[in-house]
Structure formats: C-alpha cells, structure tokens
Amino acid sequence: MEIQLQELIEQIKKDGVQAAEGEAERIINDAKLRADKIVEEARAQAERILGDAGREKEHIESSSQAAISQAGRNMLISFRKSVNAQLKAILDKELEGVYSRDGLKALILKAVETWFSKPDTESVEVLLNAEDLQLLERELLSAFGERARGGITLKASDSFDGGFRIGVNDQGAYYDYSSEAVAQMLSDYLDPKITRLLKEAE
C-alpha cells in the first residue's frame, strides 16, 4: 500500500512537472510569437517613419532650392532695375549737359543741315519747348541764313521738357530728339547688355 502511494505521488509529480513544462513551453512560444510580432511591427513602423522622413527631407530640400532660386532671380531682377534706374539718372544728367544752350543749338544746326543734304527735303520744322525757343530762336534763324526764309520753321511745343523734334516736308510725323526720348532710347539699348552681363556673372 505504501509503495502504491509512493508511486502515485511520483506519478503526480511527474505529471505536474510535465504539465508545467508544457505550459512553460507554450508560454515561451507565445511570448516569442508576440515578441516577433512586436519587433516586426516596430520594424515596419520604423521603415514608415524613415520613409516619411526621407520624403519630407526631399520635399524640404526641393522647396528650399526652389525658394533660393526664386530669391536669386528676384535679387537679380531688383538689382537690374536698380542699375537701370541709376543708369537712367546718369543719362538724364549727361543729357542736360548735351542739351545746354550751346549744345542744343549745335545739334539742331547739324540735324537741319543733314536733312537738307537729302535731295528730296523741301522743308524742315523744328519743335522746341517754349523756353528753349525763346533763348535760341534769333541765333538759329541767323545761323540758318537764307534757308530760314523758305524752308525752315521754328515752333514751340509744351509736350516735352528739353531737346527738340524735327518734322520733314510737312508730313505730320516728327523725329524725336527730346531729352526724354533720347534717354529712353539709350536706356533701351543698354538694358539688354546689362542683362547679358548679369547673366554672365551668375
């Protein structure tokens, strides 16, 4: 009887140990599966985060490059406008000297002489602003001599500040040598050259 009891105890112990071992193995396997799943999810999440970060970095870099390029273009445009404004101011100042009383008189005489050197020129009309006409009329008519009686007319015009305009053969059209027109013409001529120089300097 005692032996049977001992065997029963041993069997219970054995069954208990086996059951405990089986349960432990199941728990360990479940834990491994859960751990693997957690690791896999963490890896996938990390890859998503890295992918999002990479795309965000590319977007930021692309946006930054576009912003820098635009800022560079804006700066060049602003600089070119500033240079053109300075250039126009210089041209206006220089033209004031060119269109002084003596300079204006010499230019008009030369322009009229050039037009009358053409065989089809019968008459020339010179427009000046009222102030310049008052200063120069007597001197110009004296310099034109006989030609002033038939083929040359001097008139006042308040449509421009300095310089002069010339009409030929009463056609109603005028060649504009006003200070504003000449300054604009020189500015238009120099603007493409300035643009090219700025592009070459990039």
Side-chain angles (χ1 to χ4, degrees), residues 63-202:
S63 297
S64 298
Q65 287 172 355
I68 289 167
S69 295
Q70 186 60 49
R73 281 192 293 274
N74 291 345
M75 187 181 69
L76 282 173
I77 289 168
S78 175
F79 180 67
R80 192 179 79 195
K81 284 181 180 175
S82 174
V83 169
N84 284 337
Q86 291 293 324
L87 185 62
K88 189 171 184 317
I90 291 167
L91 289 172
D92 288 344
K93 188 170 179 59
E94 289 300 315
L95 283 172
E96 282 178 20
V98 171
Y99 285 162
S100 65
R101 179 176 175 169
D102 290 339
L104 188 57
K105 176 183 167 186
L107 286 170
I108 292 170
L109 291 172
K110 183 66 178 172
V112 169
E113 180 188 330
T114 300
W115 276 110
F116 271 113
S117 69
K118 300 175 186 295
D120 59 342
T121 301
E122 295 173 7
S123 65
V124 170
E125 183 177 78
V126 180
L127 298 181
L128 294 147
N129 67 42
E131 185 180 343
D132 288 336
L133 181 60
Q134 187 177 358
L135 286 171
L136 295 172
E137 184 173 20
R138 187 175 298 167
E139 291 179 38
L140 286 171
L141 291 174
S142 174
F144 292 143
E146 288 296 316
R147 193 171 276 163
R149 290 199 174 95
I152 298 174
T153 308
L154 298 176
K155 286 186 179 179
S157 172
D158 294 325
S159 61
F160 56 95
D161 292 331
F164 61 98
R165 292 177 180 159
I166 286 188
V168 180
N169 295 339
D170 298 320
Q171 292 175 351
Y174 292 89
Y175 295 92
D176 196 349
Y177 301 102
S178 64
S179 55
E180 296 95 331
V182 172
Q184 187 61 54
M185 179 185 67
L186 290 172
S187 182
D188 291 344
Y189 171 75
L190 291 171
D191 182 61
K193 293 183 179 295
I194 291 167
T195 302
R196 192 183 72 243
L197 288 171
L198 289 174
K199 283 186 177 176
E200 287 172 359
E202 288 178 12

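Using a 4.5 Å heavy-atom threshold, the side chains of Tyr175 and Val168 count as touching.
Taking all atoms of both residues into account, the shortest heavy-atom contact from Ala111 to Ile166 is CB-CD1, 3.5 Å. The minimum heavy-atom distance between Leu133 and Ala156, with the atom names listed, is CD2-N, 3.4 Å.
Under the side chain to side chain donor-acceptor pair (under 3.5 Å) criterion, Asp176 pairs with Arg165, Ser178, sequence neighbours left out. In this structure, Ala106 has no side chain to side chain contact (heavy atoms under 4.5 Å, CB included) partners at least two apart in sequence or on a different chain. In terms of the side chain to side chain contact (heavy atoms under 4.5 Å, CB included) criterion, residue partners of Ala143 (sequence neighbours excluded) are, by chain and number, Leu109. In this structure Glu131 satisfies the salt bridge (charged side-chain N to carboxylate O under 4.0 Å, His left out) test with no other residue, sequence neighbours excluded.
Separation of atoms CD1 (Ile152) and CD1 (Ile108) is listed at 11.0 Å; rounding is to 0.5 Å.
By the neighbour-count criterion of 12 heavy atoms within 6.0 Å, atom CD of Glu139 is densely surrounded, having more than that number from other residues, nucleotides or ligands.
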Inset, instruction - Could you please spell out the steps behind the side-chain contact (heavy atoms from CB on, under 4.5 Å) verdict for Phe144 and Val112? - result: CA-CA 9 Å; Phe144 292 143; Val112 169; 3.9 Å; yes
Legend entry - Chi angles and distances behind the side-chain contact (heavy atoms from CB on, under 4.5 Å) call for Phe164, Leu154: CA-CA 10 Å; Phe164 61 98; Leu154 298 176; over 6 Å; no
Enumerate, atom names and distances included, each donor-acceptor pair closer than 3.5 Å involving a side-chain atom of residues 117-128, sequence neighbours excluded.
from: Ser117; atom 1: OG; to: Thr114; atom 2: O; distance (Å): 2.5
from: Thr121; atom 1: OG1; to: Trp115; atom 2: O; distance (Å): 2.7
from: Glu125; atom 1: OE1; to: Tyr174; atom 2: OH; distance (Å): 2.2
from: Glu125; atom 1: OE2; to: Lys155; atom 2: NZ; distance (Å): 2.9

